[in-house]
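For reference, the structure discussed in these notes is given below.
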Protein chains: 2
Amino acid sequence: MDGGEAVESAERGLLSERIRNALTDAIAAGDFAAGTTLDEQLLADRYGASRTPVREALRQLAASGLVEIRPRRGVVVAQFTPQRIGDMFETSAEVEALCARLATYRMTPLERGALIDLHDRSADSVATGDVDTYDRLNRAFHEALYAGTHNGFLAEQALALRERLAAFRRTQLRQGDRIHRSREEHGEILAAMSEGDGERAARRMRAHMLRAAAALGRYIAGPGAE
Amino acid sequence: MDGGEAVESAERGLLSERIRNALTDAIAAGDFAAGTTLDEQLLADRYGASRTPVREALRQLAASGLVEIRPRRGVVVAQFTPQRIGDMFETSAEVEALCARLATYRMTPLERGALIDLHDRSADSVATGDVDTYDRLNRAFHEALYAGTHNGFLAEQALALRERLAAFRRTQLRQGDRIHRSREEHGEILAAMSEGDGERAARRMRAHMLRAAAALGRYIAGPGAE
DNA sequence: TGTCACGTTTCCGTATACCAGATTGCCTTA
DNA sequence: TAAGGCAATCTGGTATACGGAAACGTGACA
């Protein structure tokens, strides 16, 4: 054979890292049906590597919940039932709400200013329908909130969680007027924060996240099926 | 030497798993000062294994944040500043509070009954000062709350977080009358839950966790120092 | 016909040896 | 003394091998 679809793109970085990314994409794209057992040797051949980096990549995927390792019985692709995806989104919503609450009480005036600036800047992209730009500003908005908690550990956890959900969220903002509503909701969260009402900011953030999740509810209706 | 302190205890299970546990304990106990670079071959010799399972164990530790991997420059023991430990405990407190709130609204009568039963059973161990038994019941209490959220993902996250902090919490309950106060606080949380007041249950849980963290505040004042 | 035991096969977990490349520390040189 | 170069060292990765546990298939027995 030609050595399979070797992971040559981005020759830099650790091989295990590249394999991890490739596997993440493959799983998210549905190349491996949920419940499939992944053979280490097969994957090694497929990516033109040896078992070692493949194993390493699989452990990392297990750590982020994409696969499940049953000792001595192989690695299986995790089941992403609608129930489970819902659980993940709810958890994300609650964590975001938590960050919003803490950030309300702890952000410095400078940080708050930067956050408002981000929000203002997003107006253009909404008007022009520039989803990519809005997506970037949206991410920046949420990450600014994480940082605003002044709790580095929580910020890391929130970010990791957000990235784990990114795979399911890709097409989210494309739907209807979701982008308008999203920005409006950001504004409402900011308003609560400006009033120093962390609890209300948290509630609005939770609603914001859950609404975003609902926006792709139909999309996740039957994802990992065969 | 005699081949090092081979990881013979608990002959069952994966070698990499046992090494991971040994390293976790060693790091938490301060055997490796923060910032130390860990030599794979040295560790392999120390635990009487080859580099392969050691590498695997180190990756797992990296995933749980105990060590940091700098590509091609080795693995270093993560810095656990009081600030960072504080951040972790705060995050844990907030997550526990979140679980308490959701569990209040979602537990079935059966689950609630089991929780109350757990609480009742802990009375004996408090009276006799049986810290180990109380520790077990305490863990069961919190895990019952996780399950009570009816959110499997959140439950997993909460449990993982709790276990990451376990290393820093070992001696916590031994201090003074902490065990009495701990049980009292559980009772107060239960009371709020029985009234269906999730918000109050959350506030009490948060306070409970933060108080527990404060109980070992002096202990973590200067942990990983030399 | 269903089930249980037994042998076979597959594949994971681990060991070992080795290599290339990067990093580091030391030593030489200007 | 500072800069530059060289050698030792260690990691990331490859290749290979092997014991053992789990899965699988087969055939005997109830």
Side-chain angles (χ1 to χ4, degrees), chain A residues 1-24 27 32-63 66-78, chain B residues 1-24 27 32-33 35-64 66-78:
Chain A
M1 68 166 69
D2 60 284
E5 49 198 85
V7 196
E8 287 145 4
S9 53
E11 199 58 66
R12 69 197 176 286
L14 299 182
L15 180 56
S16 56
E17 203 80 2
R18 280 178 275 153
I19 293 178
R20 180 174 65 77
N21 289 333
L23 281 175
T24 301
I27 292 176
F32 303 105
T36 311
T37 70
L38 299 174
D39 185 294
E40 293 180 358
Q41 188 59 57
L42 236 60
L43 292 176
D45 295 344
R46 175 173 168 149
Y47 294 119
S50 69
R51 273 176 64 204
T52 312
V54 169
R55 280 178 62 89
E56 214 142 288
L58 288 175
R59 308 300 147 149
Q60 291 178 260
L61 291 187
L66 267 181
V67 302
E68 194 180 335
I69 295 183
R70 307 162 305 171
R72 267 175 251 281
R73 299 199 298 149
V75 177
V76 299
V77 179
Chain B
M1 70 170 65
D2 62 281
E5 48 200 85
V7 196
E8 287 144 7
S9 54
E11 199 59 65
R12 68 198 177 285
L14 300 181
L15 181 55
S16 58
E17 202 81 1
R18 282 179 275 154
I19 294 178
R20 180 174 66 76
N21 289 332
L23 281 175
T24 300
I27 292 176
F32 302 105
T36 310
T37 71
L38 298 175
D39 185 300
E40 293 178 359
Q41 188 60 57
L42 236 61
L43 292 176
D45 295 344
R46 174 172 170 153
Y47 293 119
S50 71
R51 273 176 63 201
T52 312
V54 170
R55 282 176 61 96
E56 212 139 291
L58 287 175
R59 307 300 147 150
Q60 290 180 258
L61 291 187
S64 65
L66 266 182
V67 302
E68 192 180 338
I69 295 183
R70 307 163 305 171
R72 268 172 252 281
R73 297 201 299 151
V75 176
V76 298
V77 179

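These numbers come from the heavy atoms of this one structure, side chains and all, not from hydrogens, waters or symmetry mates. Small disclaimer: the values here were computed from a predicted structure and weren't measured. Order of the sequence lines fixes the chain letters, A, B, ..., with proteins taken first and strands second; residue numbering starts at 1 for each chain.
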**Study point:** A/Leu61 vs A/Ile27 side-chain heavy atoms within contact, under 4.5 Å
**Key:** yes
Practice item. Check whether any side-chain heavy atom of A/Thr37 lies under 4.5 Å from a side-chain heavy atom of A/Arg70, and answer yes or no. Key: yes
Check your understanding: Passes side chain to side chain contact (heavy atoms under 4.5 Å, CB included), A/Arg18 versus A/Leu15? Steps please.
Key -> CA-CA 5 Å; A/Arg18 280 178 275 153; A/Leu15 180 56; 4.0 Å; yes
Review point. Within a strict 4.5 Å, meaning less than it, do heavy atoms of the B/Leu23 and B/Tyr47 side chains meet?
Key: yes
Exercise for review: Summarise protein proximity over nucleotides 12-19 of chain C in one line of letters, 5' to 3': B for base, S for sugar-phosphate only, - for none, counting protein heavy atoms closer than 4.0 Å.
Suggested key: BBBBB-B-
Exercise for review: Would you check if A/Arg59 and B/Gln60 make a side-chain contact, meaning some heavy-atom pair closer than 4.5 Å?
Suggested key: no
**Study point:** Salt bridge B/Glu17-B/Arg20, side-chain N to carboxylate O under 4.0 Å
**Key:** yes
Check your understanding: Are side-chain heavy atoms of B/Val54 and B/Gln41 found at a separation under 4.5 Å?
Key -> no
Check your understanding: Which string of ( ) [ ] | and . matches DNA chain C, if you list each base 5' to 3' and count Watson-Crick or G-U pairs only when both distances are under 3.5 Å?
Key -> ||||||||||||||||||||||||||||||
Review point. Looking at B/Ala57 and B/Ser16, what are the two nearest heavy atoms and their distance?
Key: CB-O, 3.6 Å
**Study point:** Closest approach of A/Ala49 to A/Ile19 (non-hydrogen atoms, all atoms of both residues)
**Key:** CB-CD1, 3.9 Å
Practice item. With a 4.0 angstrom cut-off to heavy atoms of chain A, pull out the first and last contacting nucleotide of DNA chain D, in 5'-to-3' order. Key: D/dG12 to D/dA23
Point to revise | Nearest heavy-atom neighbours spanning A/Asp39 and A/Leu42 | key: OD1-N, 3.0 Å
